[in-house]
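Just so you know, ligand 1 is whichever comes first in the structure, and atom 1 is the first atom listed for that ligand.
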Amino acid sequence: MRRADIRSLSFEELSGELALMGEKPFRAGQVFSWLHEKQAADFSEMTDLPKSLREALSCRFELAALKPVDVLVSKLDGTRKYLFGLSDGNVIESVWMEYRHGNSVCISTQAGCRMGCRFCASTLGGLVRNLTPGEMLEQVYRMGRLTGKRVSNVVLMGSGEPLDNYDNLIRFLRLITDPRGLSLSARSITLSTCGLPGEIRRLAGEGIPVTLALSLHAPNDEKRRELMPVARKYSLKEVLPACDFYFEKTGRRVSFEYSLVGGVNDTRAEAKALAALLSGRNCHVNLIPVNPVRERKYVRSGRRAIQDFKNVLEKYEINATIRREMGRDIDGACGQLRRSYQEAHP
Ligand code: SAH
């Protein structure tokens, strides 16, 4: 059996484990601080613990540490795309982005994904496995350590569907917002989902009011089903009320993501239909020019079509922004770096 990952334990669980090992209560605070504040990559770094305790911990627990396998650094804006190795040999992608308002990290929640969105590279090989809370945290911690800079925002927009790995996701959110650790506020975390209504409603009740972003990508079910298989299971009649419920419960304005695909979902009529769909909502639309994936035929909309789409939304009083492209020189859609690595290392 695999040993439990110590970084995935809550403070209370860690205290319980240490008590079972016969340790005094103050050790829990020390170990938790090594794991989440000083962000140790190995038990041997925990120098103020007795050697016997460090050894006992390493026999009992795994400490998920990521192995940097590759990194692409943008010369334009400091964006960095990391490929990290997991302890079982799988690889995942994480991205570092620098903005005027602070540094943002985009992390993966699963190795692969089973949602099957047609334009997305992360889903091409299906789901390999869920990431543990410790593996999600380590992406954030490790990028902070590698760059030597402060992480101010976390976006869950890397590979995987966060709400399809619900329990691990909630643990991750509780740990990263824990005042004894990195202590990020829920407001500085954005969770992007393809739209699982049951889980969106459940998340609303967790007391962790992260910003919710819904991947919409179409103004109606018919078109959405073409692009996103998950839309065959849940219609917009179920998904949008779940988003409204999230807003009511948390007071957090929901964002809608709309990837513009040339000739597929980018006409003025579709913009108008989108405005009608969202009318009356306190929301924000993020327009993302689609990133072409080698294995798929989709192309991005022209500059003109993108601007027209935005103008139509604004005419109907829907807030919209065109997502600023980061790291244009190290381009390639999310999941593409991982995919190239897998092809080279079958
Ligand atoms: N599974 C989650 C989060 C991961 S993807 C979700 O579906 O929201 C983060 C965002 O990038 C989603 O809106 C997703 O639809 C979008 N996306 C994925 N591949 C893309 C591509 N090639 N071009 C543009 N957007 C893409």
Side-chain angles (χ1 to χ4, degrees), residues 81 92-95 97 104-127 130-131 136 139 153-166 168-169 172 189-197 199-200 203 210-218 223-231 233-234 239 242-243 246 254-262 264-266 274 283-301 306 309 320-328 331-340:
K81 278 198 171 182
I92 54 168
E93 264 183 58
S94 324
V95 186
M97 289 164 288
S104 242
V105 298
C106 172
I107 66 162
S108 295
T109 53
Q110 296 178 315
C113 183
R114 61 183 182 130
M115 296 298 139
C117 298
R118 300 290 301 154
F119 46 80
C120 178
S122 301
T123 205
L124 290 168
L127 175 67
N130 283 328
L131 298 188
M136 295 183 221
Q139 295 172 64
N153 295 284
V154 171
V155 297
L156 300 161
M157 289 193 189
S159 295
E161 167 49 46
L163 298 182
D164 187 37
N165 184 10
Y166 191 85
N168 286 340
L169 169 85
F172 162 78
I189 303 171
T190 300
L191 183 154
S192 175
T193 176
C194 63
L196 308 181
E199 282 76 9
I200 292 174
L203 182 67
V210 298
T211 301
L212 184 72
L214 178 79
S215 296
L216 198 50
H217 306 320
K223 178 66 48 104
R224 199 161 181 263
R225 283 184 203 121
E226 259 178 49
L227 294 168
M228 306 174 71
V230 69
K233 196 158 171 199
Y234 304 111
V239 179
C243 295
Y246 190 86
V254 175
S255 293
F256 294 97
E257 288 157 285
Y258 196 103
S259 295
L260 287 160
V261 189
V264 173
N265 64 357
D266 64 345
L274 179 63
C283 67
H284 182 90
V285 175
N286 240 320
L287 298 171
I288 318 168
V290 83
N291 237 319
V293 170
R294 212 188 320 125
E295 291 82 348
R296 302 285 194 226
K297 60 183 187 308
Y298 297 118
V299 293
R300 69 174 51 187
S301 308
I306 296 172
F309 202 94
T321 43
I322 300 170
R323 180 166 303 166
R324 196 180 132 206
E325 280 183 76
M326 299 294 284
R328 219 167 337 114
D331 210 8
C334 323
Q336 200 90 82
L337 182 60
R338 170 172 179 266
R339 199 153 167 80
S340 323

Between [X] and ligand 1, which part of the residue brings a heavy atom under 4.0 Å of the ligand: side chain, backbone, both or neither?
| X | value |
| --- | --- |
| Val293 | side chain |
| Glu257 | side chain |
| His217 | side chain |
| Ser259 | side chain |

Open item on the list: Here's a test for you: under side-chain contact (heavy atoms from CB on, under 4.5 Å), which of Asn130, Thr109, Leu131 qualifies with Asn168?
Closed with: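 Exactly one option meets the side-chain contact (heavy atoms from CB on, under 4.5 Å) with Asn168, and it is Asn130.
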
Task: Qualifying residue for side-chain contact (heavy atoms from CB on, under 4.5 Å) with His284, from Thr321, Val254, Thr211 - done: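 The side-chain contact (heavy atoms from CB on, under 4.5 Å) with His284 is passed solely by Thr321 among Thr321, Val254, Thr211.
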
Open item on the list: So is Ser159 touching ligand 1 or not, going by heavy atoms under 4.0 Å?
Closed with: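 Ser159 does not count as a contact of ligand 1 under the 4.0 Å cut-off.
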
Open item on the list: Check for me whether Pro292 has a heavy atom closer than 4.0 Å to any atom of ligand 1.
Closed with: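 No, that is not the case, since the closest heavy atom of the residue is not under 4.0 Å from the ligand.
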
Open item on the list: Would Gly160 count as being in polar contact with ligand 1, using the rule that some N or O on each side must be under 3.5 angstrom apart?
Closed with: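 There is such a contact, yes.
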
Open item on the list: Is there a polar contact between ligand 1 and Met157, counting only N or O atoms under 3.5 Å apart?
Closed with: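 N/O-N/O distance below 3.5 Å does not exist for this pair.
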
TODO: Could you list the residues that satisfy side-chain hydrogen bond (donor to acceptor under 3.5 Å, both in side chains) with Ser108, not counting sequence neighbours?
DONE: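 So Ser108 forms no side-chain hydrogen bond (donor to acceptor under 3.5 Å, both in side chains) with any residue.
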
Task: With Ser94 via side chain to side chain contact (heavy atoms under 4.5 Å, CB included) - residues at least two apart - done: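 For Ser94, the residues satisfying side chain to side chain contact (heavy atoms under 4.5 Å, CB included) (neighbours in sequence not counted) are Phe84, Gln139, Met143.
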
TODO: Give me the ring orientation class for His217 and Phe119: parallel if the planes are under 30° apart, tilted from 30 to 60°, perpendicular past 60°.
DONE: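 Rings of His217 and Phe119: perpendicular, as their planes differ by over 60°.
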
- [ ] Kindly determine whether Tyr258 and Asn265 satisfy side chain to side chain contact (heavy atoms under 4.5 Å, CB included), including the steps that lead there.
- [x] CA-CA 9 Å; Tyr258 196 103; Asn265 64 357; 3.4 Å; yes

Can you list the atoms of ligand 1 that are under 4.0 Å from a heavy atom of [X]?
| X | value |
| --- | --- |
| Cys120 | 18 (C), 19 (N) |
| Cys194 | 6 (C), 7 (O), 8 (O) |
| Gly158 | 4 (C) |

TODO: Classify the side-chain pair Thr193/Glu161 by whether it contains a donor and acceptor separated by less than 3.5 Å.
DONE: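 Their side chains do contain a donor-acceptor pair, which is all the 3.5 Å distance test asks for.
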
Task: Heavy-atom donor-acceptor pair, Arg300 side chain to Pro292 backbone, under 3.5 Å - done: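 Not a single qualifying donor-acceptor pair exists.
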
